[in-house]
**Student:** 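Below you will find the structure I want to go over with you.
Every heavy atom of this structure was used, including side-chain atoms; hydrogens, water molecules and symmetry mates were not.
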Amino acid sequence: SAFASIWNIKGDSVYLKNNKNKVGIGTPSPSGKLDVVVLSDTNNALNVRHFGGSGIAIFGIIMKGKGDAICGLSRGTGHGGAFGIDNPLSDGCGLIGVTNGKGKAVFGLQTGIGYGGAFWINNQSNDSAAVAGLTQGRGDGVLGIATQRGASVHGLKLNEFGRAGVFEINHATNSDYALYATSNST
């Protein structure tokens, strides 16, 4: 059969006989090893579900070359990628970015008019920070740079409780400022 001529079956694994071939779902000319195309539909292009255990639902690794291990692109009104955990007992992360190279572990680029990155906590009993920066190196835990009119760091409080900003040093021998401000303008 045609199936047997391009696929190998070994135990419960199915894989291409020729590792140079590509698989297209919804496209006759796949641009990657696996290319899933949905032309006009409200369904997701690809769903990966992991029911139980501690494994990773999607894992991408580049051994050589410069291509993306995983790439998601939406030309519609949906997200380019969405990762989540639907288990209140899980202590895993919804998304992890790791690098031992010179690039960013996680990078967001906004070329439209929305946020470059947005983090929300949608649980009134959660007392964790929406964004936390921690470094064990020599750089800053959080760095904000504004090259135009916006603020590098902006704190906004929308209710009557809590602070708009907190700066704290929690080490007895650290004599640096908790907050240092300077301006080159008049």
Side-chain angles (χ1 to χ4, degrees), residues 44 46-50 53-186:
N44 297 331
L46 177 65
N47 290 330
V48 178
R49 298 176 185 173
H50 187 293
S54 60
I56 298 171
I58 296 177
F59 181 77
I61 186 169
I62 298 174
M63 302 302 283
K64 295 180 184 178
K66 294 185 177 184
D68 296 326
I70 298 172
C71 180
L73 173 65
S74 174
R75 292 203 169 123
T77 58
H79 301 292
F83 300 86
I85 295 173
D86 186 19
N87 180 352
L89 301 177
S90 174
D91 62 356
C93 297
L95 175 65
I96 296 175
V98 177
T99 179
N100 63 359
K102 295 180 180 179
K104 285 35 171 188
V106 177
F107 178 76
L109 174 65
Q110 170 58 276
T111 60
I113 59 172
Y115 296 111
F119 302 86
W120 276 273
I121 292 177
N122 195 22
N123 180 343
Q124 291 184 355
S125 63
N126 185 333
D127 62 358
S128 297
V131 176
L134 169 67
T135 179
Q136 293 182 355
R138 300 178 70 172
D140 299 321
V142 176
L143 173 65
I145 299 173
T147 62
Q148 298 294 322
R149 295 181 59 161
S152 295
V153 177
H154 179 116
L156 174 64
K157 188 65 180 160
L158 296 176
N159 68 17
E160 68 272 16
F161 303 107
R163 301 171 193 90
V166 176
F167 299 88
E168 178 181 344
I169 293 175
N170 191 10
H171 195 280
T173 63
N174 187 333
S175 61
D176 283 337
Y177 301 104
L179 175 62
Y180 176 78
T182 184
S183 176
N184 292 330
S185 65
T186 57

**Student:** Around atom CD of Q124, are there more than 12 heavy atoms of other residues, nucleotides or ligands at under 6.0 Å?
**Tutor:** no
**Student:** Looking at D176 and I169, what are the two nearest heavy atoms and their distance?
**Tutor:** O-CD1, 3.1 Å
**Student:** Indicate the atoms forming the closest heavy-atom contact of V131 with F119, along with that distance.
**Tutor:** CG2-CD1, 3.4 Å
**Student:** Would you mind writing out the side-chain donor-acceptor pairs for residues 76-95 within the sub-3.5 Å range, not counting sequence neighbours?
**Tutor:**
from : atom 1 : to  : atom 2 : distance (Å)
N87  : OD1    : L89 : N      : 2.9
S90  : OG     : G92 : N      : 3.1

**Student:** Please confirm whether the backbone N or O of K104 pairs with a side-chain atom of T99, one donor and one acceptor, at under 3.5 Å?
**Tutor:** no
**Student:** Where is the tightest heavy-atom contact between G144 and S152, given as atom of each residue plus distance?
**Tutor:** O-CB, 3.2 Å
**Student:** Please check if the number of heavy atoms outside N100 that lie under 6.0 Å from its CG is greater than 12.
**Tutor:** no
**Student:** State, to 0.1 Å, how close S125 and N123 come at their nearest heavy-atom pair, and which atoms those are.
**Tutor:** OG-OD1, 2.8 Å
**Student:** Look at atom CG of L156 and say whether more than 12 heavy atoms of other residues, nucleotides or ligands are closer to it than 6.0 Å.
**Tutor:** yes
**Student:** Restricting to non-hydrogen atoms, name the atom on N159 and the atom on F161 that form the minimum distance, rounded to 0.1 Å.
**Tutor:** OD1-O, 2.8 Å
**Student:** Give the minimum heavy-atom separation between G97 and V106, together with the two atoms involved.
**Tutor:** CA-CG2, 3.9 Å
